[in-house]
Each structure stands twice: as C-alpha cells, then as structure tokens.
Amino acid sequence: MPRKKIALIGGGQIGGVLAQLAASRQLGDVVMFDIVEDLPQGKTLDVAEAARVDGFDANVTGTNDYKDINGADLVIITAGLPRKPGMSRDDLLTTNAKIMKSVAENVKQYAPNSIVIIISNPLDAMVTLFKKITGFPANRVLGQAGVLDSSRFSTFIAWELGVSVKDINAMVLGGHGDTMVPIVRYANINGIPVMEQLERKYNDKAKAKEVMKNLVERTKMAGGEVVKLLKTGSAFYSPASSAIAMAESILFDEKRVLPVCAYLNGEFGINGYYVGVPAVLGSNGVEKVIEFELDSEERTLLDNSVSAVKTLVADMERLGF
Ligand code: TXD
C-alpha cells in the first residue's frame, strides 16, 4: 500500500514545522510548495536530513512547481502574506485572496480528491474562497483555528488551577478573531467543572467569575500576545501542532471531536457560512458537526461571531472575489 501524500502549500514558519511534524510522525510523504525559489527545497532538505536521527522513512521534498503535488491525499495551506505597515485590512484581504485563488485553482487541478486544511488568515474568508473556487464538497474543506484556540484556553486554565493540561477539556467556537467564543460552561477537568474548582479555590463566586473572565480574555488575545513578544511574525509551533492533530484524525480515521472551521448547513441555526464548531474528523474529512444546546449568553456570543464572519465574507465579495 503506498504511503499517503501530504502537500504543504506555503513553506514559511508554519509550513516548516508542519513538514517536521508530519515526517517525524510518519504521516506520509511530504511535498512542500512555495513560490520563493529554493526555500521549500532548503527547508525540506533540512528536515529530511534528520531522518536517521528521528527514525523516519517518509520522503520530504520541496518544489516551486504545482505538478509535484499531483495526487495528494491531504493538503495543508499556509500560503499568504502578513500585514505590512501602511497596509489596510482591505489591502491584506485582496492580497491574500489573490494568493488563495491561485492556490485553489492549482489544488483543484493537481489534487482534485484531496482533503484540505486551511490555516492562512483571514481564516474564515480564505476557507470560504477556497471552497467557492474549487467547488470541493464541504466535508473536504476545513479550517484550523479552534484546536489552537482551545489548546490555549486549556493551557491557561491548567496554569491557573495548577493541574496537568492533559486533564483539561475546554472548547472555543466561533470565528477566528476577537469574537471567538470560549465555552466556559462545559470547561472541565476530567468531567469536574472548572468553574466549581475556581469557586473552591477562591471561596468567592464573584472572584472566580473575574478570574475566568481574564482567562477568556487572554485566550482571545493569545495570538497577539505572541506577536508582540516575537516582534516579527506570528505563532507557528502551536498552529502547526493543531493542524497536525486534525490531519492525524483524518489520515487515521480517528473520528476525534475537534473544534474546526466547518461549513454549516443549518447546524446551530447557521446556513451557508464557515464557523468554528465541534466536528467529527475521519477519513471523509468533516464527517459530522456535533450540535449541542447553547445557553442565551453563548447564543449571543456565537451570533456576534457569525456576524463578524459575514462581514468579512461580504468585504471579500465587495473586493471582487
Ligand atoms: O490558527 C491559525 N489559523 C493561524 C493562522 C495562526 C497563526 C498564523 N496564521 C496565519 O497562517 C498567518 O496569518 C498566515 O496567513 C499563515 C502562515 O503563517 P506563517 O507564519 O507560516 O507565515 P510565513 O512565514 O509568512 O509563510 C507564508 C509563506 C511564505 O513562505 C510565502 O513565500 C508563501 O507563504 N507564499 C506562497 N506560497 C504559495 N503560493 C503563493 N502564491 C504564495 N504567496 C506567498
């Protein structure tokens, strides 16, 4: 049985970590595409030369020619440009939409049966555009945001309570941006409600609420917190790890329930938009969106987040995409 073929479109910061993780975990043969000459060849040569030490057999190669992604089973897209000084939000949207358009046309041509995970920002718009251009079915096009946002939320909860993050389950839904919706009510430590533990820790309900509010705020701002410290570029280790968790669930048909940016057909009362929701990921991609009852506060927050996604998509359409 041939190995799975994984195409990475974009060989920047996240692309590099994706290549290393995919190879070292033996997810399949990796082909990295970038428009910058020699960059993907250099990065993948570096990763490949660790094969003896890390003990993997997968082939890891770089290319500037889309032909080399031919027949890929899984495609992970990080191509795009960061916002430069003086660039407006619309300028960035136009630039990255142009890039995504060319990526989508080539993926459609060379990997027409692939499942595609998109990471490029602005995420909700890029996923929408990719689906529109390729016409791929909704189950084969999804975006990464919620796994990372949820991991960040879980990490902050674990630090606050002094327990292992491995025992924290917490989910962030909605769009990828300031309007994301951390679901506090269901955050738990192996089933034990996090809020109850905060109340016990502080022996004060109001204080516990305030502490949780700060954890939620830090989660929403977590991307910016890293950007501020790095000075150049944005987070890349954790976004890559998050996409790899999604890739593993798809490649190994794990059927994990992960918060992902998925196309909604009436689920949660939302129709025709990509929104972060819990979904079962298996060999068919997004196999099922898991719905659950939202309370009125969560509903309001999710509606607010969906409005932001709608505005973003409308802006992109206004710009001609
Ligand atoms: O959780 C999330 N979804 C995110 C998303 C978390 C962090 C960062 N997020 C976004 O991912 C970020 O705002 C960017 O839009 C992407 C990729 O981030 P990365 O840090 O890897 O960006 P780089 O290092 O700038 O890499 C982008 C690469 C770079 O090598 C360019 O040469 C390449 O994209 N690029 C292209 N590749 C292919 N085809 C075209 N047209 C192209 N244009 C640029």
Side-chain angles (χ1 to χ4, degrees), residues 7-21 31-44 62-66 68-69 75-84 87 89 92-107 109-110 116-130 133 142-153 172 174-178 180 219-247 258-262 274-276 309 312:
L8 307 177
I9 312 297
Q13 296 276 68
I14 299 179
V17 183
L18 284 172
Q20 193 186 26
L21 289 175
V31 182
M32 178 193 280
F33 171 92
D34 202 290
I35 48 164
V36 178
E37 223 170 280
D38 291 340
L39 173 73
Q41 291 85 347
K43 277 213 176 168
T44 50
T63 182
N64 303 114
D65 187 341
Y66 270 111
D68 295 322
I69 72 160
V75 178
I76 309 180
I77 303 173
T78 59
L81 293 187
R83 190 149 153 182
K84 297 199 185 88
M87 217 180 183
R89 208 174 141 272
L92 182 75
L93 189 54
T94 305
T95 307
N96 282 347
K98 269 190 203 151
I99 292 172
M100 190 52 69
K101 188 166 179 279
S102 80
V103 171
E105 283 161 355
N106 282 291
V107 171
Q109 180 173 355
Y110 293 106
V116 182
I117 300 173
I118 294 161
I119 306 184
S120 312
N121 271 332
L123 182 78
D124 307 291
M126 293 301 108
V127 183
T128 304
L129 182 63
F130 184 93
I133 290 171
L142 65 161
Q144 190 298 117
V147 175
L148 170 58
D149 296 329
S150 302
S151 178
R152 285 169 167 163
F153 189 32
V172 179
H176 184 52
D178 304 346
M180 68 178 76
T219 302
K220 289 186 185 175
M221 300 300 158
E225 188 180 356
V226 173
V227 168
K228 210 168 150 200
L229 291 165
L230 291 180
K231 311 283 190 297
T232 56
S234 48
F236 54 101
Y237 293 113
S238 56
S241 291
S242 302
I244 289 292
M246 293 162 68
L258 296 174
V260 302
C261 181
Y274 268 98
V275 179
V309 173
L312 182 66

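Values in this document were obtained by computation on a predicted structure and should not be read as measured data. Every number for a ligand or one of its atoms is a count from 1 in the order of the listing.
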Backbone of [Y] reached by a side-chain donor or acceptor of [X] within 3.5 Å:
X      : Y      : value
Ser102 : Ile99  : yes
Lys101 : Leu129 : no
Ser151 : Val147 : no
Ser120 : Ala79  : yes

Sub-3.5 Å pairs, protein N or O with ligand 1 N or O:
from     : atom 1 : to     : atom 2 : distance (Å)
ligand 1 : 1 (O)  : Gln144 : NE2    : 3.0
ligand 1 : 3 (N)  : Ile119 : O      : 3.1
ligand 1 : 3 (N)  : Gln144 : O      : 2.9
ligand 1 : 9 (N)  : Asn121 : ND2    : 3.4
ligand 1 : 13 (O) : Asn121 : ND2    : 3.1
ligand 1 : 15 (O) : Asn121 : N      : 3.1
ligand 1 : 21 (O) : Gln13  : N      : 3.3
ligand 1 : 21 (O) : Ile14  : N      : 2.8
ligand 1 : 24 (O) : Gln13  : N      : 2.9
ligand 1 : 30 (O) : Gly12  : N      : 3.4
ligand 1 : 30 (O) : Asp34  : OD2    : 2.7
ligand 1 : 32 (O) : Asp34  : OD1    : 2.7
ligand 1 : 32 (O) : Asp34  : OD2    : 3.4
ligand 1 : 34 (O) : Gly80  : N      : 3.4

Only residue of Leu39, Thr78, Leu8 satisfying side-chain contact (heavy atoms from CB on, under 4.5 Å) with Asp34 is Leu39
Student check: side-chain heavy atoms of Asp149 and Pro259 closer than 4.5 Å:
no
